There are 2 protein chains.
Amino acid sequence: MATAEITRQSVVPDLDLDELDSVLGLHIGTVNTLFVTRLEKRLDPMSVTPKQVAILWLVNANPGVKQTDLSKFFQIERPTVHQFVRQLIKNGYLLNEPSKLDRRAGGLWLTDEGRDVLGRARLAIAEHETELTSSLTAREKSELFRILMKLYLSAPAKD
Amino acid sequence: MATAEITRQSVVPDLDLDELDSVLGLHIGTVNTLFVTRLEKRLDPMSVTPKQVAILWLVNANPGVKQTDLSKFFQIERPTVHQFVRQLIKNGYLLNEPSKLDRRAGGLWLTDEGRDVLGRARLAIAEHETELTSSLTAREKSELFRILMKLYLSAPAKD
DNA sequence: TATTGTTATACTCTATAACTATA
DNA sequence: TATAGTTATAGAGTATAACAATA
């Protein structure tokens, strides 16, 4: 007897999917929503969002970093980065000190409170990731990382 | 000589990632954004969004389907489904015909224009998916589907 | 001219709370 | 009581356009 293949069909058995489930973007989107909504709830006590934590994380490891560099790393536009930065400054987690070498640029630093929040958020993320990937073998996990990285690095330019 | 490992580090070489790149959610989010923003541009001429197309797709394959079933399939709340449905009705792509068996429920149907838009959107999606996954082998593609499905089906309940 | 940061605005996707109508 | 749909509201993440200040 063959092992039953596990598909999204099983969620709503009477629904004809008409090959919608062969669209990769659908599955990436669903899994992304899964990760984000679960993590948002875990981070709620720290009053930060997943993306805000990622910003804190890099500012902590790179004191004085510019918004432009964060924009490049996350592959999002500068005004988008700025929105997170503004919120984090407003909440007292981040400081913006203008650079003395290039007065256009500003360097970002964590406050003590920002460092504390980041520490707690990292623990929450570690738990969250462990929980959501517990069904995967070590090999599946590393394959997933490798394939996502390949997709990311080979993506055609935006325009 | 070893093959250089390809990582996100290479995008901004001077940035210390401090193991942020070992967070799976980061990569899923980035690849998701990549897929969504590219697809949105391709669908722009048809005046539909990715999620709207997914709704049209299932309504087309399941004439008279209820919003509740779409909610279950996509794992999103009913008001969220409703928002897409309302927009699609407003744009003339969808019709809502109240059920005669259960007057609480409504059945959804495509208009001729909705069918036309869906047809063109499916072609756009096919091109888009081919382009974004062209760097993957057939085996990598099927592994990716399988692993994402595993993550999706094993996810702990929301609350 | 090019770069950095900023402001204003808008869009997509998602959620919760509270309601109506029907079963 | 429970289900189907709806309305109102809000929040997270993203984008583009346009601008000031500086290089």
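None of the values given here were measured: they were computed from a predicted structure. Side chains included, hydrogens not; waters and symmetry mates left out as well; all remaining heavy atoms used.
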[X] [atom1] - [N] [atom2] separation (whole Å):
X      : N      : atom1 : atom2 : value
B/D44  : C/dA10 : CG    : P     : 17 Å
A/I76  : D/dA15 : CD1   : P     : 7 Å
A/I28  : C/dC13 : CD1   : P     : 15 Å
B/L43  : C/dT12 : CG    : C1'   : 13 Å
A/F74  : D/dG13 : CZ    : P     : 11 Å
B/D102 : D/dA2  : CG    : P     : 17 Å
A/K90  : D/dG11 : NZ    : C1'   : 12 Å
A/I89  : C/dT6  : CD1   : C1'   : 11 Å

Distance flag, aromatic centroids of A/F145 and B/H27, threshold under 6.0 Å: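 That pair passes the under 6.0 Å test.
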
Which nucleotide sits closest to the side chain of [X]: [options]?
X      : options                : value
B/T49  : C/dT12, D/dA10, D/dA8  : C/dT12
A/Q67  : C/dG5, D/dA15, C/dT14  : C/dG5
A/R103 : D/dA23, C/dT14, C/dG5  : D/dA23
A/R78  : D/dT14, D/dT6, C/dT6   : C/dT6
A/R104 : C/dA2, C/dA8, D/dG5    : C/dA2
B/E77  : D/dA4, D/dT6, C/dA15   : C/dA15
A/P79  : C/dT14, D/dA17, C/dA17 : D/dA17
B/K41  : D/dT16, C/dG5, D/dT7   : D/dT16

Along DNA chain C (nearest heavy atom to each residue), the more 5'-positioned of A/G107 and B/Q83: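 Residue closer to the 5' terminus by nearest nucleotide: A/G107.
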
Using a cut-off of strictly less than 4.0 Å, decide whether [X] has a side-chain nitrogen or oxygen near OP1 or OP2 of [N].
X     : N      : answer
A/K66 : C/dT4  : yes
B/N32 : D/dG13 : no
A/T33 : C/dT14 : yes
B/H82 : D/dT6  : yes
B/T80 : C/dA15 : yes

Quick one: does [X]'s side chain get under 4.5 Å of [Y]'s, heavy atoms only?
X      : Y     : value
B/S47  : B/Y93 : yes
A/N96  : A/I89 : yes
B/L108 : B/L70 : yes

No-H, no-angle donor-acceptor pair, B/T68 side chain to D/dA4 base, under 3.5 Å: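 Per atom types, no contact qualifies.
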
Residue whose closest nucleotide on DNA chain D lies nearer the 5' end, A/F84 versus B/K72: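 Result of the comparison: B/K72.
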
First of A/L101 and A/Q52 reached from the 5' end of DNA chain D, by closest nucleotide: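 Looking at the nearest nucleotide for each, A/Q52 comes out on the 5' side.
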
Salt-bridge present (A/D112, A/R115; N to O < 4.0 Å):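 Salt bridge between A/D112 and A/R115, a charged N being under 4.0 Å from a carboxylate O: yes.
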
Salt-bridge present (A/E131, A/R42; N to O < 4.0 Å):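 Counted as a salt bridge, because a side-chain N and a carboxylate O are separated by less than 4.0 Å.
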
